Amino acid sequence: MQQGVRVRFAPSPTGELHIGGVRTALFNWLFARNKGGSFILRVDDTDRQRSSEEYLQSILDSFQWLNLDWDEGPGRGGAYSPYRQAERLNIYREEVERLLAQGKAYTCFCTAEELDADRDKCRRLGQPPRYSGRCRSLTTAEVSAKKEKGLNYVVRAITPDEGETIVDDLIRGKVTFENKVFDDPIIIKSDGLPTYNFASVVDDSKMEITHVIRAEEHLSNTPRQQIIAAQLGYAVPRYAHVPMILAPDHSKLSKRHGATSVQEYREQGILPEALLNYLALLGWSPGEDREIMSINEMVALFSLERVSKNPAIYDLQKLTWLNGHYLRTGKPERITAMTIPFLLKGGIISENQALHERERIGKVVEMVREKVKTLAEVAVASRYFFMDDFEYDQKGVDKHFHRDGAGLLLQQIEDVLEKVNPFSVEEIEKAFIGLSEEIEVPLNKINPATRLAITGRLMGPELFPLLSLLGKDKVIERIKKARKLFITGNI
RNA sequence: GGCCCCUUCGUCUAAUCGGUUAGGACACCAGCCUUUCAAGCUGGCAGCAGGGGUUCGAAUCCCCUAGGGGUCACCA
């Protein structure tokens, strides 16, 4: 049992929380909960241009919706406040001053043009693009002269020209990098804000983060961060780089692959437990052939040792399947509560109905959820329970209404249903069986015609419970309407 | 292009120190159930990237090749 595990997820509020981010957050969260440690949310808002308060709020909403709680961070505070990098500038400044004073960092006045020229030169020579180190040797007099002239400058950390840096990764083992491939990284931008590589190193140390669990795209940046940490005199945390999530075409997941943000999945009627369960399975396996797991089971079973190394391709179908499972097995009241916004949004029920017909809505949802996979589909499939103006399936109309005897059959169904009392599943069933025997027409002819007249569709929940729930009056009314609409002339 | 990572069914993965008819799940296909069905049940199809080694024995260890991904920003 390790003690004092502290992990963090550090989203940048420059967009919605996306699938890859959630998976990383989830692994961090599971690891923390499994170890009895702390999960910290830190806001990486050092990109002044792109960060926004709206995105931050949206990300926080996503976490709340997913029910992933954080022990320290926005809205919660903690012993290592503040948790927004924009509010920690004095800390970075202090550290930079120290590096500058110790000669471990220097100010650099190179312009974008000069840097481009350097890079071009490197490319021509077949060398990796690398900063020349031109400003390393500036004297203090030169530096203050340039500053006085009002020249823009950044601060770079000095990287050793030789030797190697080894990243000891919990998932990948020891990964060795030659120091000569790195140039001196910028740690403070010309706007005075720290770069990611610097701020996150400082924060991880100051916040006493023990394990940095993040996506593999950061692996190549890790040696730079270790170099910066070394200059600062920090010990490095343990690293664990989890495999990336790729789109079905093996490219990086992006907007053109469809929904990528948590909010979009939420709007499509995906349940948080399904999303979490699915994401947990992407790059991690509990063994024992387990697939369906509650969040608590995941916490109990999680370990970094069982995280795989290879990238995973995102498969919507499995998510959908899991969602169907959770949709069907979830507590009825909860599923109903989650469906109501979809019913309202689709104009299927009114605010008033949502408030006063909760019990009936619940019954509809329970019936309808059996054969669909998302909350959005529940709403669509619920429509004819609440609205009379549905469309009729054209194929069904051709098959069941536009044929000889259709009018008579509808009439007979109507007559027999008229007499059913009470309008219960059992009584309806009895009546249908009786009718079938009497007129010598099999139920597989009678039932589809009935369903089509009542719902406009050929598919749906079991017919007799459906009729019972809809109620006698509605059923009779709709059969009459179907007759009027489709049966012309002789019966 | 340099550097780094990765490679088991179409997809997610199991097989943790070499010995299995290479297991499970999604998808797909078939059958069953049923008034229908997108649900459920049963069954089926399908994989160790290729080539060399090491070994009595390799999916598992080593090397090479190929392929995929990441990274080389005053973005995180």
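Here the structure is a predicted model, which means the values were calculated and not measured. Just so it is clear: chains get the letters A, B, ... in the order the sequence lines come, proteins before strands, and each one is counted from 1.
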Next item on the list: Using the P atom on both, measure B:rU34 against B:rA22 and round to a whole Å.
Entry: 39 Å
Next item on the list: In whole angstrom, give me the gap between the P atoms of B:rU60 and B:rA14.
Entry: 16 Å
Next item on the list: State, with a plain yes or no, whether a side-chain heavy atom of A:Glu164 is found less than 4.5 Å away from one of A:Thr176.
Entry: yes
Notebook entry, point to check: When you check the phosphate oxygens OP1 and OP2 of B:rG40, does a side-chain N or O of A:Arg328 lie under 4.0 Å from one of them?
Noted result: yes
Note to self: Can you check the distance between B:rC37 and B:rG69, where both ends of the measurement are the P atom (answer in whole Å)?
What the structure shows: 42 Å
Checklist line | Closest nucleotide among B:rA76, B:rA73, B:rA39 to the A:Lys373 side chain | finding: B:rA39
Item checked: Any donor-acceptor pair under 3.5 Å from A:Thr222 side chain to A:His218 backbone -> yes
Notebook entry, point to check: Just how far, in rounded Å, is P of B:rC74 from OH of A:Tyr131?
Noted result: 11 Å
Check: Mind checking who B:rA59 pairs with, Watson-Crick or G-U wobble, both distances under 3.5 Å?
Finding: none
Just distance, no hydrogens or angles: give the donor-acceptor pairs under 3.5 Å from side chains in residues 21-30 of chain A, sequence neighbours left out.
from: A:Arg23; atom 1: NH1; to: A:Leu282; atom 2: O; distance (Å): 2.5
from: A:Arg23; atom 1: NH2; to: A:Pro243; atom 2: O; distance (Å): 2.3
from: A:Thr24; atom 1: OG1; to: A:Gly20; atom 2: O; distance (Å): 3.1
from: A:Asn28; atom 1: ND2; to: A:Thr24; atom 2: O; distance (Å): 3.0
from: A:Asn28; atom 1: ND2; to: A:Ile213; atom 2: O; distance (Å): 2.9
from: A:Trp29; atom 1: NE1; to: A:Asp69; atom 2: O; distance (Å): 3.0
from: A:Trp29; atom 1: NE1; to: A:Asp69; atom 2: OD1; distance (Å): 2.9

Item checked: Of A:Lys309 and A:Phe464, the one whose closest RNA chain B nucleotide lies more 5' -> A:Lys309
Margin query: In whole Å, I'd like the distance from the CD atom of A:Gln225 to the C1' atom of B:rA76.
Written below: 10 Å
Next item on the list: Could you pull out the closest heavy-atom pair between A:Lys189 and A:Thr46, with the gap in Å?
Entry: NZ-O, 2.8 Å
Next item on the list: Using a 4.0 Å heavy-atom cut-off across all strands, classify A:Thr176 as base, sugar-phosphate, or nothing.
Entry: sugar-phosphate
Item checked: Distance test, side-chain N/O of A:Lys189 to OP1/OP2 of B:rA76, below 4.0 Å -> yes
Checklist line | Expected output: side-chain A:Glu438 to main-chain A:Gly434 donor-acceptor under 3.5 Å | finding: no
Item checked: Nearest-angstrom distance from the residue atom OH of A:Tyr55 to C1' of B:rA76 -> 15 Å
Note to self: My understanding is that a pair needs two contacts under 3.5 Å, Watson-Crick or G-U wobble. By that rule, which nucleotide pairs with B:rU20?
What the structure shows: none
Next item on the list: Give the nucleotide from the list B:rA73, B:rA39, B:rC12 with an atom nearest to the side chain of A:Arg119.
Entry: B:rA73
Next item on the list: Output yes when A:Arg84 and A:Glu53 qualify as a salt bridge under the 4.0 Å nitrogen-oxygen rule, no when they do not.
Entry: yes
Show the atom names and distances, to 0.1 Å, of all donor-acceptor pairs under 3.5 Å that link a side chain in residues 309-318 of chain A to residues at least two apart or in another chain.
from: A:Tyr314; atom 1: OH; to: A:Tyr265; atom 2: OH; distance (Å): 2.9
from: A:Asp315; atom 1: OD1; to: A:Gln317; atom 2: N; distance (Å): 3.2
from: A:Lys318; atom 1: NZ; to: A:Glu291; atom 2: OE1; distance (Å): 3.1

Check: What one-letter contact string describes nucleotides 64-70 of chain B from 5' to 3', where B marks a base within less than 4.0 Å of any protein heavy atom, S marks contact via sugar-phosphate atoms alone, and - marks no contact?
Finding: ----SBB
Check: Whole Å only: how far is the CG atom of A:Asp191 from the C1' atom of B:rA73?
Finding: 13 Å
Notebook entry, point to check: Centre of A:Tyr131's six-membered ring, under 6.0 Å away, within 45 degrees of the axis: is that where NZ or CZ of A:Arg156 sits?
Noted result: yes
Next item on the list: Could you work out the separation of B:rA46 and B:rU16 based on their P atoms and round it to a whole Å?
Entry: 25 Å
Check: What distance, rounded to whole Å, do you find between the two P atoms, one in B:rG67 and one in B:rG50?
Finding: 15 Å
Next item on the list: Could you pull out all residues at least two apart from A:Lys206 that satisfy salt bridge (Lys or Arg N to Asp or Glu O under 4.0 Å)?
Entry: A:Glu95
Notebook entry, point to check: Counting N and O atoms only, with roles assigned by atom type, does the side chain of A:Arg328 sit under 3.5 Å from a partner on the main chain of A:Gly324, one being a donor and the other an acceptor?
Noted result: yes
Item checked: Residue pair A:Val307 / A:Leu304, side-chain heavy-atom distance below 4.5 Å -> yes
Item checked: Integer angstrom distance from the P of B:rU42 to that of B:rG57 -> 42 Å
Notebook entry, point to check: By a strict heavy-atom criterion of less than 4.0 Å, which residues belonging to residues 277-293 of chain A are in contact with RNA chain B?
Noted result: A:Leu281, A:Leu282, A:Gly283, A:Ser285, A:Asp289, A:Glu291
Check: At under 4.0 Å, does any side-chain N or O of A:Arg306 touch on OP1 or OP2 of B:rA15?
Finding: yes
Note to self: Between B:rG19 and B:rG70, how many Å separate the two C1' atoms, rounded to a whole number?
What the structure shows: 37 Å
Item checked: Base paired to B:rA15 (Watson-Crick or G-U; both N/O distances under 3.5 angstrom) -> none
Note to self: Given B:rC4, B:rC6, B:rA76, identify the nucleotide with an atom nearest to the side chain of A:Asn310.
What the structure shows: B:rC6
Next item on the list: Ignoring hydrogens and angles, tell me if any N or O in the side chain of A:His257 forms a donor-acceptor pair with the backbone of A:Ser254 under 3.5 Å.
Entry: yes
Measure all distances between protein nitrogen or oxygen atoms and nitrogen or oxygen atoms of nucleotides 30-34 of chain B, and list the pairs falling under 3.5 Å.
none

Notebook entry, point to check: So, is the end of the A:Lys147 side chain (NZ or CZ) under 6.0 Å from the ring centre of A:Tyr153 and within 45° of the ring's axis?
Noted result: yes
Margin query: For A:Leu319 and A:Pro194, find the nucleotide of RNA chain B closest to each by heavy atoms; which residue's nucleotide sits nearer the 5' end?
Written below: A:Leu319
Checklist line | Nearest-neighbour nucleotide for the A:Arg172 side chain, B:rA76, B:rC5, B:rC3 considered | finding: B:rC5
Check: A:Phe182 CZ to B:rC4 P: how many Å, rounded?
Finding: 10 Å
